[in-house]
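If you're wondering where the values come from, they're calculated on a predicted model, not measured in any experiment.
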Amino acid sequence: MKGCYCDSCAIIMTSTLKLMQERQSVRAPFDPDCPIADKDLKQILEAARCSPTPHNMQNFEILVIDDHDVLTKLGSIESRVTEVFLRENYQQLSFSKKELLRKKIGILGTEFPSSFRDPSMFSKVARECPPMPLDQTIDGSPVVLIVIYDSRKRAPDSEGDVLGLVSLGCVMENMWLMAQSLGISVRIMSDFGDKIVDKEVKRILHIPDHMNVVYGLRLGYPATSLAKNLRVRREVKDFTHRNDYDGKGIE
Ligand SMILES: Cc1cc2nc3c(=O)[nH]c(=O)nc-3n(C[C@H](O)[C@H](O)[C@H](O)COP(=O)(O)O)c2cc1C
């Protein structure tokens, strides 16, 4: 077996894994008066630049929003919760810490309003729940990165451009890990990709029609001390299959 186990490689390996293990979604409000230093922002964008993409397509553009007035305009865009979201979100919820620790997948239901946890209410909630301004998720962030891609292109022969879309996830992870290593907190905002929100974001930021908004990434420093999230993961043996789907997982 080849591989370098010298002291400096061992340190890099340990710290890379530690960085990945400690990366987390920070949903607390950010301090609007605590800006992201330009040199840190550039490092995060450099991390995006290094991302792997199919055929090195580099199929992404990133809008860096750090102007207070533009952030305010984006914050006023309203998104609506759909019944589909409520139903599919419900499938990922656990209703106690014990249940979540047992399942090792999903999130705690208490992270959502109680009406999101009652399937008998979903149609009514989707119909009557007031629209939510994006400001509630931007929540004080001094910088929002918006990742967009050209919907007219795709990775060669990739049905539904699955491979192209995967690479937008690589961009996300590279930037997230870089931010984490700089002590900057991150939250992904999927609502930026919502059809109605996408249209408004395009209008405000003059993004051409053929470019699709995939997600927003808010960066910042928490305004309050962080509550410890209960974060669970399956064990490696639970998702690996040695040599055959029926093969034993790697311990
Ligand atoms: C593609 C993608 C979309 C996500 N969308 C959101 C989102 O809209 N809001 C949010 O708070 N977290 C979002 N997340 C974060 C996940 O909920 C989170 O990664 C997961 O619960 C694991 O928690 P951790 O990031 O703290 O490890 C998203 C993550 C990914 C990869």
Side-chain angles (χ1 to χ4, degrees), residues 24-30 32 63 65 70-97 99-100 103-149 151 160 162 165-166 168-169 171-173 176 185-205 207 209 211-220 222-224 226-227 229-232:
Q24 61 169 315
S25 300
V26 178
R27 301 191 176 94
F30 288 169
L63 284 103
I65 314 299
V70 184
L71 284 168
T72 306
K73 276 188 200 159
L74 292 176
S76 68
I77 300 173
E78 293 181 328
S79 82
R80 280 191 170 276
V81 68
T82 63
E83 198 172 336
V84 174
F85 174 86
L86 291 167
R87 293 203 183 287
E88 295 180 0
N89 178 59
Y90 183 76
Q91 290 164 16
Q92 302 303 329
L93 302 184
S94 282
F95 298 94
S96 68
K97 288 184 177 178
E99 183 187 353
L100 185 59
K103 282 194 193 162
K104 297 185 191 157
I105 286 182
I107 39 186
L108 270 181
T110 46
E111 294 194 21
F112 294 91
S114 56
S115 56
F116 283 34
R117 293 180 245 146
D118 179 357
S120 69
M121 298 286 290
F122 289 168
S123 312
K124 187 174 156 60
V125 173
R127 260 192 337 267
E128 295 175 11
C129 191
M132 197 182 86
L134 285 196
D135 196 39
Q136 285 185 19
T137 31
I138 295 175
D139 214 0
S141 175
V143 177
V144 170
L145 304 178
I146 301 175
V147 175
I148 61 176
Y149 80 107
S151 61
V162 171
L165 296 176
V166 165
L168 302 172
V171 173
M172 175 198 285
E173 182 72 349
W176 203 336
S185 294
V186 171
R187 178 180 182 182
I188 299 292
M189 297 177 295
S190 307
D191 30 11
F192 272 77
D194 169 279
K195 261 201 199 112
I196 297 166
V197 174
D198 167 291
K199 217 169 146 198
E200 280 300 287
V201 171
K202 281 177 177 165
R203 185 184 61 76
I204 292 170
L205 303 177
I207 299 172
D209 247 10
M211 300 301 288
N212 280 354
V213 178
V214 195
Y215 53 82
L217 199 83
R218 68 171 196 146
L219 306 176
T224 52
L226 283 185
N229 284 347
L230 176 61
R231 298 166 65 239
V232 292

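- Nearest heavy-atom pair, G160 versus L165, reported as atom, atom and distance to 0.1 Å: O-CD1, 3.9 Å.
- Residue pairs satisfying the side-chain hydrogen bond (donor to acceptor under 3.5 Å, both in side chains) criterion with at least one member in residues 125-145, sequence neighbours excluded, are listed as follows: K124-E128.
- Legend: residues meeting side chain to side chain contact (heavy atoms under 4.5 Å, CB included) with I146, ordered by chain and number and at least two apart, are L63, I65, L74, V144, I148, F192, V201, L205, V213.
- Within a 6.0 Å radius of NZ in K202, more than 12 heavy atoms belonging to other residues, nucleotides or ligands are found.
- For K103, the side-chain hydrogen bond (donor to acceptor under 3.5 Å, both in side chains) test picks out E99, with sequence neighbours left out.
- Rounding to the nearest 0.5 Å gives a distance of 11.5 Å between CD1 of I77 and CD1 of I196.
- Annotation: the span from L93 atom CG to I107 atom CD1 amounts to 6.0 Å, rounded to 0.5 Å.
- Of all heavy-atom pairs between V186 and W176, the closest is CB-NE1, 3.3 Å.
- Separating the CD1 atom in I138 from the CG atom in L71 is a distance of 6.0 Å, to the nearest 0.5 Å.
- Taking each heavy atom of G75 and P133 in turn, the nearest pair found is O-CB, 3.4 Å.
- Within the model, atoms CD1 of I188 and CD of E173 stand 9.0 Å from one another, a figure rounded to the nearest 0.5 Å.
- Every residue was checked against the side-chain hydrogen bond (donor to acceptor under 3.5 Å, both in side chains) condition with K199, not counting sequence neighbours, and none meets it.
- Below 30°, between 30° and 60°, or above 60°: for F122 and Y90 the angle between ring planes is above 60°, a perpendicular geometry.
- For P32, the side chain to side chain contact (heavy atoms under 4.5 Å, CB included) test picks out no residue, with sequence neighbours left out.
- Summarising the geometry of A28 relative to T224, their closest heavy-atom pair is CB-OG1, 4.3 Å, with the distance given to 0.1 Å.
- When the ring pair (Phe, Tyr, Trp, His ring centres under 6.0 Å) test is applied to Y215, no partner is found at least two apart in sequence or on another chain.
- Residue pairs meeting the side-chain hydrogen bond (donor to acceptor under 3.5 Å, both in side chains) criterion with at least one member in residues 77-87, sequence neighbours excluded: E83-R87, E83-S123.
- With contacts defined as side-chain heavy-atom distances shorter than 4.5 Å, the pair M132/V81 does not qualify.
- Atoms CG and CZ, from L145 and R218 in turn, are 12.5 Å apart once rounded to the nearest 0.5 Å.
- Residues passing the side-chain hydrogen bond (donor to acceptor under 3.5 Å, both in side chains) test with Q24, sequence neighbours excluded: none.
- With sequence neighbours excluded, the residues satisfying side chain to side chain contact (heavy atoms under 4.5 Å, CB included) with T72 are H68.
- Note: L108 CG to S96 OG = 8.0 Å, rounded to the nearest 0.5 Å.
- Within 6.0 Å of atom CD1 in I204, more than 12 heavy atoms from other residues, nucleotides or ligands are found, so the atom counts as buried in its surroundings.
- Judged as a ring pair (Phe, Tyr, Trp, His ring centres under 6.0 Å), and not counting sequence neighbours, F85 has no contacts.
- Annotation: side chain to side chain contact (heavy atoms under 4.5 Å, CB included) contacts of V162 (sequence neighbours excluded): S158, V166.
- With sequence neighbours left out, N89 forms a side-chain hydrogen bond (donor to acceptor under 3.5 Å, both in side chains) with no residue at all.
- Side-chain atoms of L217 and M172, non-hydrogen and from C-beta on, do get closer than 4.5 Å to each other.
- Distance alone, capped at 3.5 Å, places no donor-acceptor pair between the R27 side chain and the R187 backbone.
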